[in-house]
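Taking it in order: structure first as structure tokens, then the write-up.
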Amino acid sequence: MTKRSWKTRILKLRVINCIFFILAVKAVIKLLTTCGIYNYSHLPAEVIETQLYKQISPTFITQKSKPDCKYDGVLKRELSISNWEVPKTFDDFSATGLVNGSFIPDHCTPMFSVAIIVAYRNRQRQLDIFLPYMHNFLRKQNIHYRIYLVEQQDEKIFNKGILYNVGAKVAIRDKFPCLILHDVDLLPLDANNLYVCANEPRHMSASIDKFRFVLPYDYLVGGVLALKSEQYVQVNGLSNRFEGWGGEDDDFSWRLSSHKINVIRYPREMSRYTMLRHPQERKNTRRSTVMKENKQDPSTNVKDGFTSTRYSSMHVKNHRLFTHVGVVV
Ligand SMILES: *[C@@H]1O[C@H](CO)[C@@H](O)[C@H](O)[C@H]1NC(C)=O
């Protein structure tokens, strides 16, 4: 009897040790992932409104019968929800006001027209959350927007640069003055995060839960980025040379800075996002080589980018919740 309890005591001790060990390892991992910039530099909240790029599609200019929409309610926390729960299902989702992936407020004339461009392939479960969530979020902002889902429809390696370039081409053809390049796995958590362009490009997803709400590095522009269509064209869009996961965003960051275009951010609170879980994509092992080559030759962003994007075919089809741009690379 005593022998047995002695044994169970040792066993218990070991279990406790194991638990401590696992907790310690987890703590170290957490500590490592918090490396990054907690207090990144950002635009003060008070000046955000003065820096906005107020520009609408030319089609609205002739039909200005309603009063101008107001945005201080969005920016001044009146609509803020501190704990924004991401619903698991959207059974009661209503598509009211949505036509061809687009929304126009009906009680006022919007001051902003924004194309949200999502590069996509084979992430149906995320898309089923992304679309209703984003429409619910954006319809409260009094902006004119349209979601373009640019899908790579072939078996070749995923090429986000090409997809963004094609999406930008379609959105600019539709006369959108402002583009937001958006990952399908990121959802904004703060209602004050107004989805419009500023005078300078804005890295919107500076504070993601997956990275413990810390900005991983200063020149990051990946995730969600808003910039004027003319700025996108000015730097000749994204490089088409990055295949697989990673690199094209850092290369784009370099393109912006080599054109002396500064990237701004909003305060951390407003820049919070949640990342939907997904299996890790195959990393591009050549990404640093390609980036080095691009940096060595200053003419690369003239030769490789928006103006030189090649693909086998492209078609545009309107659905209620999004405009589908199918691309075969
Ligand atoms: C929606 O798109 C279809 C073509 O796909 C077009 O015929 C229709 O006019 C569009 N509706 C609006 C309101 O833009």
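Note that ligands are numbered from 1 as they come in the structure, with each ligand's atoms numbered from 1 the same way.
- Note that Arg202 lies in the cation-pi zone of Tyr266, set by a 6.0 Å cut-off to the ring centre and a 45° limit from the axis.
- Distance remark: protein heavy atom present below 4.0 angstrom from atom 2 (O) of ligand 1.
- Across Val316, Asn100, Val99, Ile104, heavy-atom proximity to atom 14 (O) of ligand 1 is greatest for Asn100.
- Summarising the geometry, atom OH belonging to Tyr133 is positioned 8.0 Å from atom OG1 belonging to Thr274; distances are rounded to the nearest 0.5 Å.
- Among all protein heavy atoms, the one lying closest to atom 4 (C) of ligand 1 is Asn318 ND2, 3.7 Å.
- Distance screen at 4.0 Å: atom 9 (O) of ligand 1 has no protein heavy-atom neighbour inside the cut-off.
- Residues Tyr71 and Phe112 place their aromatic rings such that the two centres sit under 6.0 Å apart.
- A parallel orientation is assigned to the rings of His319 and Phe322, their planes being inclined by less than 30° (bins at 30° and 60°).
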